[in-house]
Amino acid sequence: NLSVITQPVRKELELFQVAFKQVLRGHNPDFQSILDYIAETGGKRVRPIILLLSAKLCGTINQKTIDYAVVLELLHTATLIHDDVVDTTLERRSRPSLNARVDNRAAVLAGDYILSLAIVNGIRTNNRKVLHILGNLAQSLVDGELTQLVSVNTISLDENRYFEVIRKKTATLISACTELGAISVDTQHEQIETLREIGENIGICFQIRDDIFDYFEQGQIGKPTGNDIREGKITLPLLHALQNAPKEISGKMIHFIEKQELDAENIHQLIDFAKTYHGIDYAVSIMQSFKEKTIALLDRFPESEAKTAMLRLMDYIIERKS
């Protein structure tokens, strides 16, 4: 339960919410309504929670912590808006996505505007290390998405490549949260590095769990979504099955993907194939191994509310249902 996890930083999370909404206010009246809509589409705020808990693990949360959380959430929000345009996603967090509400042109420009707000607020931190992390993060996020987009027509069964993409797409953002949380309370270099690694592990688990969702019934849909497969994305469950199934069966599945024969029946076959050849079990076992590594890293910190919350967060990310 996320509310239990956030308990040690509940007050600070409220301060973050106020600061984040404040940054999106008072802009050009011609498009302020778009920014208001973005401010209202809050989500679970997992990333600010991770940043705040990381800071609390190392010291006392201060204004810098809140400021860094705002900058990272602006950067994350901008990338989500752009991703929805790229993926033609029409719904996010049970509401119309921005591109569905306005149009692609306005959504792309709004994403650019929020990216510029992230840059402006990043510069206000007056910290070169923070700017360095933010710059690398922005580059990495786009690198991961671009790599995935341009390689959709090239079937890669290389697991290392899969992990390279999810590190860039997802793990770098979470590791920036843990790293900046630690930096905001002026902690030692070793602890900053440990937290960066913890963040990367959490991010990898987060993305693998997202990838697994594609193979199961989702809420109101009542059937596996198969969205990744439809877009030609071979994620870990399918990747493992393709590597380990008998050649004649995996060959048939590769044919569906290569020839873009991805109607409902073939997607259903691909989903069943991934399950039959232990793709889901394998993906879950990989998450568990990253969880074990994270527990070992967290053992370097003394017992505290924040440490307990971080351990619970790891469980939440692996076991979440949405």
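How far CE of M310 is from OG1 of T308: 11.5 Å, rounded to the nearest 0.5 Å. Expressed to the nearest 0.5 Å, how far CG of D214 lies from CD1 of I229 amounts to 5.5 Å. Here the CD atom belonging to E305 is positioned 7.5 Å from the CD atom belonging to Q7, to the nearest 0.5 angstrom. A distance of 10.5 Å separates OH in Y316 from OG1 in T6, rounded to the nearest 0.5 Å.
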Tell me, with the steps shown, if I123 and L131 meet side-chain contact (heavy atoms from CB on, under 4.5 Å).
CA-CA 7 Å; I123 290 165; L131 285 172; 4.3 Å; yes
Does L270 form a side-chain contact (heavy atoms from CB on, under 4.5 Å) with K252? I'd like the steps, not just the answer.
CA-CA 10 Å; L270 283 157; K252 182 183 170 188; over 6 Å; no
Kindly indicate, with the supporting measurements, whether the criterion side-chain contact (heavy atoms from CB on, under 4.5 Å) is fulfilled by T41 and L98.
CA-CA 10 Å; T41 315; L98 188 63; over 6 Å; no
Go through it in stages, so that I can follow the logic: the residues are F163 and E159, the test is side-chain contact (heavy atoms from CB on, under 4.5 Å), and I'd like the CA-CA distance, side-chain angles, deciding distance and then a yes or no.
CA-CA 6 Å; F163 280 106; E159 199 174 289; 3.6 Å; yes
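Remark: side-chain polar atoms of S140 are not paired, donor with acceptor, to backbone N or O of L137 under 3.5 angstrom. Under the 3.5 Å distance criterion, the side-chain polar atoms of D211 are left unmatched by any main-chain donor or acceptor of T235. Checked by atom type and distance alone, the side chain of K56 pairs as donor or acceptor with a backbone atom of P8 at under 3.5 Å. In this structure a side-chain-to-backbone donor-acceptor pair under 3.5 Å is missing from D87 to T89. Looking at H278, its side chain never comes within 3.5 Å of a backbone N or O of A241 through a donor-acceptor pair. Listed for the Q32 side chain is a donor-acceptor partner under 3.5 Å among the backbone atoms of H27. In terms of modelled atom types and a separation under 3.5 Å, the side chain of N62 and the main chain of S184 share a donor-acceptor contact. With N266 contributing its side chain and E261 its backbone, the two residues share a donor-acceptor pair below 3.5 Å. R209 places a side-chain N or O within donor-acceptor distance of the main-chain N or O of I318, the cut-off being under 3.5 Å.
Judged by a 6.0 Å distance limit and a 45° cone about the ring axis, R320 is positioned over the six-membered ring of F206. F216 carries K275 over the face of its six-membered ring, with the cationic atom under 6.0 Å from the centre and within 45° of the normal. Because its NZ or CZ atom is both nearer than 6.0 Å to the ring centre of Y37 and within 45° of the ring axis, R101 counts as a cation-pi partner of that residue.
Residues K291 and C205 share a closest heavy-atom pair of N-SG, 4.4 Å. Of all non-hydrogen atoms in A176 and I133, the two that sit nearest each other are CB-CG2, 3.9 Å. Residues C177 and L51 come closest through the heavy atom pair O-CG, 3.3 Å. Nearest heavy atom pair, residue L134 against residue G122, reads CD1-CA, 4.0 Å. Scanning both residues, A306 and L53, for their nearest heavy atoms gives CB-O, 3.9 Å. Here the shortest heavy-atom pairing between I208 and Y162 reads CG1-OH, 3.7 Å.
When side chains are defined from C-beta on, Y68 counts as touching N127, because their heavy atoms get closer than 4.5 Å. You'll find the side chain of F273 stays beyond 4.5 Å of the side chain of Q269, heavy atoms only. Using a 4.5 Å heavy-atom cutoff, the side chains of R47 and L72 are not in contact. Looking at I192 and E179, their side chains come closer than 4.5 Å, going by heavy atoms from C-beta outward. Annotation: side chain of Y277 is not in contact with side chain of M253 (no heavy-atom distance under 4.5 Å). Side-chain contact check for L35 versus I114: some heavy-atom pair is nearer than 4.5 Å. A heavy-atom distance below 4.5 Å is not found between the side chains of E145 and V86. Counting heavy atoms from C-beta on, the side chains of H76 and L141 never come closer than 4.5 Å.
Linking ILVMFWY residues whenever their side-chain heavy atoms come closer than 4.5 Å, directly or via other members, places F16 and L57 in the same cluster. In the hydrophobic clustering of ILVMFWY residues, with side-chain heavy atoms under 4.5 Å counting as a link, L239 and V284 come out together.
A salt bridge links R92 and D84; the closest N-O separation between the charged side-chain nitrogens and carboxylate oxygens is under 4.0 Å. A salt bridge between E200 and R167 is present, with a side-chain N of the basic residue lying under 4.0 Å from a carboxylate O of the acidic one. A salt bridge is absent between E164 and R161: the closest approach of a Lys/Arg side-chain nitrogen to an acidic carboxylate oxygen does not fall below 4.0 angstrom. Between R95 and E40 a salt bridge is recorded (basic side-chain N to carboxylate O distance below 4.0 Å). Between D186 and K64, at least one side-chain nitrogen of the basic residue sits less than 4.0 Å from a carboxylate oxygen of the acidic one, meeting the salt-bridge criterion.
Within a 6.0 Å radius of CD in Q243, other residues, nucleotides and ligands contribute more than 12 heavy atoms. By the neighbour-count criterion of 12 heavy atoms within 6.0 Å, atom NZ of K21 is sparsely surrounded, having that number or fewer from other residues, nucleotides or ligands.
Between Y282 and H240, the ring planes are parallel. Angles under 30° get that label, and only those over 60° would be called perpendicular.
A donor-acceptor pair shorter than 3.5 Å cannot be found between the side chains of N227 and E231. Using modelled atom types, one finds a donor on one side chain and an acceptor on the other under 3.5 Å when comparing N99 with S97. Side-chain contact check for N201 and E197: no donor-acceptor pair (N or O, by modelled atom type) lies under 3.5 Å.
In this structure D143 satisfies the salt bridge (charged side-chain N to carboxylate O under 4.0 Å, His left out) test together with K168, sequence neighbours excluded.
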